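Here's the structure we're looking at; comments come further down.
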Amino acid sequence: MSYLEATHDLYKDAALTPDVGLCCTTNPIWELPGLKIPKIMQEMNYGCGSTVHARDLINDPKVLYVGVGGGMELLQFAYFSRQKAGVVGVDVVDEMLEASRKNFKEAEELNPWFRSEFVELKKGTAMDLPVEDNSIDVAAQNCLFNIFKEEDLKKAIEEMYRVLKPHGRLVMSDPTCEQPMNDTLRNDDRLRALCLSGSLPIKEYVKALTDVGFGTIEIRARKPYRILDPKNYPTDELIYIESVEVAAIKDPMPEDGPCIFTGKAAIYYGEEEYLDDQNGHILLKNQPIAVCDKTAGNLAALGRDDIFISDSTFHYDGGGCC
């Protein structure tokens, strides 16, 4: 059985019999006026974080979500895009698509504003999306890309890039891991299907996105997720897995490389009212400003004694001078 077949069977079972403990998510349910999440959707929330961010979802965006689960994030996206087929959900598992359709009927009863027609469900795979080129404002996936092996991951990211409009956003939540996986873990199809053995280091995860052409990357959160320990998994040492939330923006690739925001800030504290680095960045005195890693490096290279560059917090929430 291939890892994709193992993944299909795992989520087929999870659709037929909800598995509350399948994914260990610590994100609270969105609290928005008039939004009520059916209990069954919460039980089928098979993700490791959130891909729903209000600042991505202005002006009734066209949203694509791959790997529908129980429909919870689709419902949350529909809250911001209340139009027929404003949200497109894609999944390869028939049973999961049918479970979502059923759950949306319950959501209609709890939410007077919601209609099932706001969400269009389609059968398809992340590597061959049934969506037109340049038609999506926000694409999202939660705990899916880390399942794929290298070549399949590249295809999935290329597909997301293809369907996004210029400056569109790919928003993701996936487990990452800095320790290398041993061959037994890495080749265990069941563990890969469970989002565990396919986890990549953040640098490799980001590189996979920029290699496809995304010019701007935002790392929005980085949180503890799970431990793989020798008592329960085929490993000789503890392996610490984190959940990372990332947005990749279809901006043109700058000549000097992508802008990758990891939560760094620059503070100018010199004698003048502001600092102009002659490279498009103005730093007001004692006013922290978010900078991408590239700009942080360029500012540090100036060799000044009146600029402070913070370490990466791996929490970026917009703004900045890049």
Side-chain angles (χ1 to χ4, degrees), residues 11 14 18-58 61-82 86-91 96 100 103-104 107 111 114 118-119 126 136-147 156 160 164 168-176 194-195 199 202 205-206 209 217-226 241-249 261-263 313-318:
Y11 285 96
D19 185 351
V20 177
L22 183 61
C23 276
C24 180
T25 178
T26 57
N27 281 60
I29 303 302
W30 271 69
E31 297 288 344
L32 293 167
L35 174 63
K36 291 183 171 60
I37 307 294
K39 182 180 178 182
I40 184 62
M41 284 187 174
Q42 297 179 43
E43 293 175 348
M44 298 177 68
N45 178 26
Y46 305 137
C48 64
S50 178
T51 61
V52 184
H53 297 268
R55 67 183 179 87
D56 297 329
L57 300 169
I58 59 173
K62 183 79 170 183
V63 179
L64 167 69
Y65 189 78
V66 184
V68 301
M72 189 180 86
E73 292 206 311
L74 291 163
L75 175 62
Q76 292 176 143
F77 279 122
Y79 183 91
F80 295 93
S81 188
R82 304 182 187 189
V87 180
V88 178
V90 174
D91 206 298
M96 197 64 80
S100 290
N103 294 347
F104 289 141
N111 297 275
F114 176 70
F118 292 168
V119 181
I136 298 295
D137 296 296
V138 178
Q141 64 83 23
N142 194 333
C143 230
L144 174 65
F145 278 8
N146 60 292
I147 291 173
M160 290 292 211
L164 281 170
R169 295 166 180 257
L170 168 57
V171 187
M172 301 158 289
S173 179
D174 282 302
T176 61
L194 285 167
C195 307
S199 300
I202 287 181
Y205 185 90
V206 169
L209 296 166
I217 306 293
E218 302 176 352
I219 297 182
R220 296 177 169 179
R222 183 176 177 179
K223 298 173 285 191
Y225 181 57
R226 286 194 180 180
I241 300 180
E242 294 178 305
S243 169
V244 62
E245 295 178 14
V246 175
I249 303 171
F261 289 88
T262 62
T313 63
F314 297 99
H315 179 85
Y316 175 75
D317 195 29

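The figures here come from the full heavy-atom set of this structure, side chains too, leaving out hydrogens, waters and symmetry mates. It should be emphasised that the depicted structure is a prediction, and the values quoted were computed from it without experimental measurement. Count residues from 1 along the sequence.
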Testing the basics here: between [X] and [Y], what is the closest heavy-atom pair and its distance to 0.1 Å?
{"X": "Y316", "Y": "G263", "result": "CB-N, 4.3 Å"}
{"X": "A78", "Y": "F114", "result": "CB-CE1, 3.9 Å"}
{"X": "F104", "Y": "G71", "result": "CE2-O, 3.6 Å"}
{"X": "D91", "Y": "G69", "result": "OD2-N, 4.0 Å"}
{"X": "P175", "Y": "I241", "result": "CB-CG2, 3.5 Å"}

Could you tell me the separation between the [atom1] atom of [X] and the [atom2] atom of [Y], rounded to the nearest 0.5 Å?
{"X": "L74", "Y": "F118", "atom1": "CG", "atom2": "CZ", "result": "14.0 Å"}
{"X": "E242", "Y": "I202", "atom1": "CD", "atom2": "CD1", "result": "6.0 Å"}
{"X": "M72", "Y": "N45", "atom1": "CE", "atom2": "CG", "result": "3.5 Å"}
{"X": "L170", "Y": "I217", "atom1": "CG", "atom2": "CD1", "result": "8.0 Å"}
{"X": "I37", "Y": "L75", "atom1": "CD1", "atom2": "CG", "result": "4.5 Å"}

Do the side chains of [Y] and [X] get nearer than 4.5 Å, heavy atoms only?
{"X": "K62", "Y": "V88", "value": "yes"}
{"X": "R55", "Y": "D317", "value": "yes"}
{"X": "T262", "Y": "V206", "value": "no"}

- Query: With sequence neighbours left out, what residues match D56 under salt bridge (charged side-chain N to carboxylate O under 4.0 Å, His left out)?
  - Reply: R169, R220
Would a distance-only check, ignoring hydrogens and angles, find a side-chain to backbone donor-acceptor pair under 3.5 Å from [X] to [Y]?
{"X": "N103", "Y": "M41", "value": "no"}
{"X": "E245", "Y": "S50", "value": "yes"}
{"X": "S173", "Y": "C143", "value": "no"}

- Item | Selection residues 137-146 - residue pairs positive for salt bridge (charged side-chain N to carboxylate O under 4.0 Å, His left out), sequence neighbours left out | D137-K165
- Message: List the residues meeting ring-ring contact (aromatic ring centres under 6.0 Å, His included) with Y79, not counting sequence neighbours, and say none if there are none.
- Response: W113
For [X], which residues count as a side-chain contact (heavy atoms from CB on, under 4.5 Å) partner, sequence neighbours excluded?
{"X": "A126", "result": "V66, L144, F148, A156"}
{"X": "K36", "result": "L110, N111"}
{"X": "D174", "result": "Q141, F145, N146, M172, Y205"}

- Note on the structure: Residues at least two apart in sequence or cross-chain that pass side chain to side chain donor-acceptor pair (under 3.5 Å) with S81, listed by chain then number, are Q83
- For E73, all residues meeting side chain to side chain donor-acceptor pair (under 3.5 Å), sequence neighbours excluded: T51, Y65, N142
- Can you spot which of V138, V119, V68 makes a side-chain contact (heavy atoms from CB on, under 4.5 Å) with V87? V119
